Number of protein chains: 2
Amino acid sequence: MRDLMTDRIEQWKARGFDPNNCPVRMVLDHVAAKWTSLILLELEKEPQRFNALGRALPDISKRMLTQSLRDLERDGMVRRKVYDTKPPSVEYSLTDVGLSFMAPFSQLLDWAEKNQSQILAARSGYDKS
Amino acid sequence: MRDLMTDRIEQWKARGFDPNNCPVRMVLDHVAAKWTSLILLELEKEPQRFNALGRALPDISKRMLTQSLRDLERDGMVRRKVYDTKPPSVEYSLTDVGLSFMAPFSQLLDWAEKNQSQILAARSGYDKS
DNA sequence: CAGGATCCTACATGATACTG
DNA sequence: CAGTATCATGTAGGATCCTG
């Protein structure tokens, strides 16, 4: 793996790597953002409507829910379907791309859960000294 | 996988899930931060000294390089070794935890590279309408 | 060489109020 | 119900200068 990763970096640099305009970061930004990955997790359970999502993520504001959903929709990871009823109802669901993201993402979550105690230990050790 | 992920969320919520104090986010923050994951990638190639890292990541400021390295050291992902020479020399390397992180992380990078063209296409389609 | 200390700004997010 | 609009703020990150 070492060599593969090394090659990867060399390739990026060869193409004129710019961390502010990086195709990988454009993906990582979803992981980074405060709510997007949680929204994806919720939508993986089942397609849900706007306010249902809001209730599932109790601390999110409508503002951030809207914005996060727009970001995900823009990148083709979430599909927005409007039913022309009254009052309107809007259902959000994962696209195939969004669903395929869950595989590597859940690997990362696994790693996080497995290593969190060690990390917390290292952290408090560091903070004491 | 669906059920596993669903269970995971339910467990988090049962424990009183708080996105501002989330053990998983504490890990994701490294992915999120602008430089930490790039630093890990560089250190995976080989242990390196402070200024060597700075040259490998041309756009990083000394301030952020220092801070990112401290964060990673604090979490036990990077080891800092000071050689008492004159002028001083400091070598940074991955710990076992840091190295083990590269496996799930590189899966995420794979996904990002495989899907970036689709995502960019979705994005420009969205922006046009 | 490997940083520490300061100052500053931009942007991500939150709070609140309003609407078709 | 599903948003939009506006204002407020905390903080990540950059720029610059200094030091053992």
Side-chain angles (χ1 to χ4, degrees), chain A residues 18-22 25-39 42-43 46-75 78-93 126 129, chain B residues 17-22 25-39 42-43 47-75 78-93 126 129:
Chain A
D18 173 9
N20 289 317
N21 183 16
C22 168
R25 188 180 306 280
M26 126 192 136
V27 170
L28 296 190
D29 280 347
H30 289 312
V31 182
K34 194 167 185 181
W35 298 107
T36 43
S37 50
L38 283 171
I39 290 175
E42 274 299 326
L43 290 182
E46 53 183 347
Q48 285 180 62
R49 294 171 51 182
F50 185 86
N51 279 342
L53 273 173
R55 282 187 294 273
L57 279 2
D59 291 349
I60 196 172
S61 62
K62 287 188 168 199
R63 185 188 182 290
M64 286 316 295
L65 181 54
T66 303
Q67 182 178 309
S68 306
L69 285 168
R70 291 288 173 279
D71 288 347
L72 292 169
E73 189 195 356
R74 182 167 107 104
D75 282 6
V78 159
R79 181 175 20 247
R80 179 172 180 271
K81 213 186 223 163
V82 182
Y83 295 95
D84 203 359
T85 58
K86 224 182 93 166
S89 107
V90 180
E91 187 187 70
Y92 292 92
S93 57
Y126 183 95
S129 61
Chain B
F17 175 71
D18 172 10
N20 289 316
N21 183 15
C22 168
R25 190 183 305 281
M26 128 193 137
V27 170
L28 297 190
D29 279 347
H30 290 312
V31 182
K34 194 166 181 180
W35 297 107
T36 42
S37 50
L38 283 172
I39 290 175
E42 274 298 325
L43 290 182
Q48 285 182 61
R49 295 171 51 183
F50 184 85
N51 279 343
L53 272 173
R55 282 187 294 273
L57 280 1
D59 290 348
I60 195 172
S61 62
K62 288 188 167 199
R63 184 187 183 289
M64 286 316 295
L65 181 54
T66 303
Q67 182 178 309
S68 305
L69 284 168
R70 291 289 173 278
D71 288 348
L72 292 169
E73 189 195 357
R74 184 168 106 104
D75 283 5
V78 158
R79 182 175 18 248
R80 179 171 180 272
K81 212 185 223 165
V82 181
Y83 295 96
D84 205 359
T85 58
K86 223 182 94 162
S89 109
V90 180
E91 187 188 69
Y92 292 92
S93 57
Y126 184 95
S129 61

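Labels below follow one simple rule: chain letters A, B, ... track the order of the sequence lines, proteins then strands, and each chain is numbered from 1. From a predicted model like this one, the values you see are computed outputs, not experimental measurements.
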Length of the NZ-P vector between A:Lys86 and C:dT19, whole Å: 17 Å
Show me the side-chain donor-acceptor pairs of residues 61-70 of chain A shorter than 3.5 Å, one per line, residues at least two apart or across chains.
unit_1, atom_1, unit_2, atom_2, d
A:Ser61, OG, A:Met64, N, 3.3
A:Arg63, NH1, A:Gln67, OE1, 3.4
A:Thr66, OG1, A:Lys62, O, 2.9
A:Ser68, OG, A:Met64, O, 2.6
A:Arg70, NH1, A:Tyr92, OH, 3.4

Axis bend over the full length of the helix from C:dC1-D:dG20 to C:dG20-D:dC1, computed from five pairs that close each end, to 10 degrees: 50°
Distance, rounded to the nearest Å, where B:Lys34 contributes NZ and D:dG14 contributes C1': 8 Å
Under 3.5 Å donor-acceptor, B:Arg80 side chain and B:Ser93 backbone: no
Gap between atoms CG and P, on A:Asp59 and C:dA15 respectively (whole Å): 9 Å
Minimum heavy-atom distance B:Ile60-B:Ile39, with the two atoms named: CD1-CD1, 4.4 Å
A:Asp29 CG - C:dA12 P separation (whole Å): 9 Å
Any donor-acceptor N or O pair under 3.5 Å, side chains A:Glu91, A:Gln48: no
B:Met26 side, atom CE; B:Asp75 side, atom CG - distance, nearest 0.5 Å: 6.5 Å
Nucleotide of C:dA2, C:dG14, D:dA2 approaching A:Trp35 most closely (side-chain heavy atoms): C:dG14
B:Arg25 CZ - C:dT13 C1' separation (whole Å): 12 Å
B:Ile60 CD1 - D:dA12 C1' separation (whole Å): 13 Å
Nearest non-hydrogen partners of B:Arg25 and A:Ala33, listed with the distance: NH1-O, 4.1 Å
Spacing of B:Met64 atom CE relative to D:dT11 atom P, expressed in whole Å: 15 Å
All N/O pairs under 3.5 Å across the protein-nucleotides 3-7 of chain D interface:
unit_1, atom_1, unit_2, atom_2, d
D:dG3, OP1, A:Arg70, NH2, 3.0
D:dG3, OP1, A:Arg80, NE, 3.4
D:dG3, OP1, A:Arg80, NH2, 2.6
D:dG3, OP2, A:Tyr92, OH, 2.6
D:dT6, O4, A:Arg63, NE, 3.3

Polar contact flag, side-chain donor to acceptor under 3.5 angstrom, A:Asp71-A:His30: no
Closest non-hydrogen atom pair, A:Leu28 against B:Ser37: CD1-OG, 4.5 Å
Value in whole Å for how far the P atom of C:dA2 lies from OH of B:Tyr83: 12 Å
Close side-chain approach of A:Val90 and A:Arg49, heavy atoms under 4.5 Å: no
Phosphate-side-chain proximity, B:Arg49 and C:dC1, N/O vs OP1/OP2 below 4.0 Å: no
